[in-house]
Amino acid sequence: MSMTEMWTQLGSAIAGLMFVWAMYERYFPYQLQEYVERYCQKLVALVSPYFQIVFDEYTGEDLKRSEVYAAIQSYLSANSSMRAKRLKADVVKDSHSVLLTMDDHEEITDNFNGIKVWWTSIKNKPNKQSFSFYPELDERRYFKLAVHRRYREIIVKSYIDHVIKEGKAVAVKNRQRKLYTNNPSDNWYGWKATKWSHVVFEHPASFDTLAMATKEKEEIMKDLVKFSKGKSYYAKIGKAWKRGYLLYGPPGTGKSTMIAAMANFLNYDVYDLELTTVKDNSELRKLLIDTTSKSIIVIEDIDCSLDLTGQRKPKKEKEEDKDGEGKDPISKKKKEEEAENKKISKVTLSGLLNFIDGIWSACGGEKIIVFTTNYVEKLDPALIRRGRMDKHIEMSYCCFEAFKVLAQNYLDVESHELFAKIRNLLEETKMTPADVAENLMPKSEDEDEESCLKKLIAALEEAKEEEARKKSEEEAKLKAEQEKEREKEKATEEEEKEKGNGKLKENGF
Ligand SMILES: Nc1ncnc2c1ncn2[C@@H]1O[C@H](COP(=O)(O)OP(=O)(O)OP(=O)(O)O)[C@@H](O)[C@H]1O
Ligand SMILES: [Mg+2]
């Protein structure tokens with residue numbers, strides 16, 4: 001038989017098989033198809049010398065994405081790129097590199113201490129005959145591991161652990177960090193509904209560009225390193241592997257920037273928790289359980305998000321109060337609606353404390369919780385006691401060391417003759433790093449470093465004068481109040497004296 005004839009016959013055989021398969025799928029009753037396939041599989045398993053394990057993508061009653069499946073996927077993607085014939089490409093890590101994973105129905109082999117194993121990635125099509133609210137759910141994906149029966153024990157005991165461990169390490173290396181925000185609980189249900197939405201975390205802040213006193217900065221970095229390497233230490237002392245930071249200070253002193261720098265330094269994800277959209281303590285707990293390890297959970301402006309009596313107040317409303325806005329009918333209506341919503345929002349202080357250090361916080365491990373506030377004195381001591389908020393960091397007005405970092409960031413200047421003057425002015429007046437940075441930033445191409453520094457000096461001098469003016473105004477106000485008080489006292493004294501004289505006269509003295 002010639003080669004061409006052989007290929008033709010092979011082609012017709014395949015076409016014939018495909019036809020039979022298509023007829024089987026089309027005309028054979030669906031329920032019977034299931035039976036046939038199930039019994040065929042059983043028969044094969046009975047006679048086959050191979051043993052199989054299946055790892056589903058979604059597990060549990062709530063159909064969460066399986067961590068084991070994800071770890072296996074990472075492990076296989078690292079090992080399959082050289083071996084598998086068909087790969088799927090995905091862009092990862094700051095959109096710069098491509099991650100290759102096994103395509104559906106692709107098989108690769110792996111070798112573990114001389115034992116050969118087969119991995120297949122399988123996707124089962126949804127059942128076309130039956131109706132489903134969530135068709136994606138019917139599309140089952142899983143990995144199938146096959147190995148000779150005689151190696152069953154070693155594979156179950158050691159190989160799977162090895163794959164998961166390696167897979168997790170690969171995932172950490174390749175992962176694109178995420179910034180999560182919590183969804184309102186109305187969106188928590190349905191297929192693929194999640195409690196957290198995410199975007200790629202690409203904040204450029206780092207400890208190098210963070211303006212603050214060097215000693216404090218180094219201390220924080222050391223603390224973070226100690227925490228991230230402290231798995232066995234935390235296990236030894238019997239504490240959940242987590243650490244709480246409280247960042248406090250006036251607006252524009254770098255609290256949010258510090259959180260981004262921490263996340264970049266440790267390579268952690270960030271969960272930005274908006275408390276005002278959480279209805280109650282149990283929702284808060286569910287959100288916490290749904291966070292992953294190696295993450296920073298952030299609650300910004302804690303004093304605005306939670307009234308410590310248990311009545312919470314949305315941030316926006318608080319700002320409106322401050323500005324004296326919200327008096328027009330539209331914002332009044334909005335306020336009323338918010339007040340209505342608030343009635344059903346019941347996250348309490350104790351709920352929050354449980355969130356931080358209750359038994360639930362132990363799940364997942366390796367988590368940092370950060371609170372920020374502009375008014376540390378307003379916070380309940382129970383909330384910020386050591387153990388809950390282990391480290392309190394004051395982000396304060398710009399000092400000379402912080403200014404030097406900003407000058408380096410914005411102007412590429414390490415030293416300048418104007419620095420001495422700036423140093424004196426920074427000691428005499430208060431300016432936030434955000435304001436210093438704004439003054440240092442060149443506004444046009446012809447603005448050189450000297451004119452930027454001069455601009456900062458002018459702003460500092462203006463701030464100093466403003467402070468002096470405010471101070472003298474306050475002193476004058478205080479003096480006037482004291483004077484008023486004294487006059488009031490004098491008037492009551494005289495009144496009492498006159499009353500006394502009147503009584504004496506009445507009594508005939
Ligand atoms: N310490 C700092 N180092 C570097 N840049 C800073 C620092 N503080 C402020 N900035 C700059 O000012 C901007 C505002 O800072 P940031 O948002 O971190 O302040 P914040 O303390 O979180 O303020 P708020 O209390 O209003 O949330 C940042 O984008 C950053 O560019
Ligand atoms: Mg902030």
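Side chains are part of it too, since the values below use all heavy atoms of this structure and drop only hydrogens, waters and symmetry mates. Read the numbers this way: they start at 1 and go in the same order the structure lists the ligands and their atoms.
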CA sep, side-chain torsions, deciding dist, call: R385, D390, salt bridge (charged side-chain N to carboxylate O under 4.0 Å, His left out): CA-CA 7 Å; R385 75 152 165 75; D390 304 280; over 6 Å; no
Main-chain N/O of S282 paired to D280 side chain as donor or acceptor, under 3.5 Å: yes
Pair E461 + K421, salt bridge at N-O below 4.0 Å: yes
Atom 31 (O) of ligand 1 - nearest protein heavy atom and its distance: Y410 OH, 3.9 Å
Partner of K455 by side-chain hydrogen bond (donor to acceptor under 3.5 Å, both in side chains), out of E447, E450, E438: E447
E219/K391 salt bridge by N-O under 4.0 Å criterion: yes
Proximity of D301 to ligand 1 by residue part, where a heavy atom lies under 4.0 Å: neither
Pair S197-N183, side-chain donor/acceptor within less than 3.5 Å: yes
Cut-off under 2.8 Å, centre the Mg ion (ligand 2), protein N/O/S atoms: S256 OG
Donor-acceptor pair, side chain of K255 and main chain of T372, under 3.5 angstrom: no
Residue and atom name of the nearest protein heavy atom (relative to atom 29 (O) of ligand 1), distance in Å to one decimal: T257 OG1, 4.5 Å
Electrostatic pair E67:K168 at N-O distance under 4.0 angstrom: yes
Taking atom 11 (C) of ligand 1 as the reference point, the nearest protein heavy atom with its distance: A434 CA, 4.0 Å
From the candidates A205, G249, S256, the one that places a heavy atom nearest atom 22 (O) of ligand 1: S256
Partner of E483 by side chain to side chain contact (heavy atoms under 4.5 Å, CB included), out of E487, K479, E485: E487
Y271 ring center near Y180 ring center (under 6.0 Å): yes
Atom 26 (O) of ligand 1 [closest protein heavy-atom partner, distance rounded to 0.1 Å]: P251 CB, 3.5 Å
Nearest protein heavy atom with distance in Å, relative to atom 19 (O) of ligand 1: G254 N, 3.4 Å
Proximal candidate to atom 25 (O) of ligand 1 [heavy atom criterion; set K255, E438, K217]: K255
N or O pair under 3.5 Å between P433 and ligand 1: no
Backbone of M389 reached by a side-chain donor or acceptor of H392 within 3.5 Å: yes
N374 neighbourhood, listing ligand 1 atoms whose heavy-atom distance to it stays under 4.0 Å: 25 (O)
N409 near ligand 1 by a heavy-atom separation under 4.0 Å: no
NZ/NE/NH1/NH2 to OD/OE distance under 4.0 Å, E466 and K430: no
Side-chain touch Y245/D223, heavy atoms, less than 4.5 angstrom: yes
Protein residue, atom and distance nearest to atom 9 (C) of ligand 1, heavy-atom basis: G252 O, 3.4 Å
Winner among T253, L406, V436 once heavy atoms are compared against atom 5 (N) of ligand 1: L406
A211-ligand 1 polar pair, N/O distance under 3.5 Å: yes
Which segment of A437 sits under 4.0 Å of ligand 1 when only heavy atoms are counted: neither
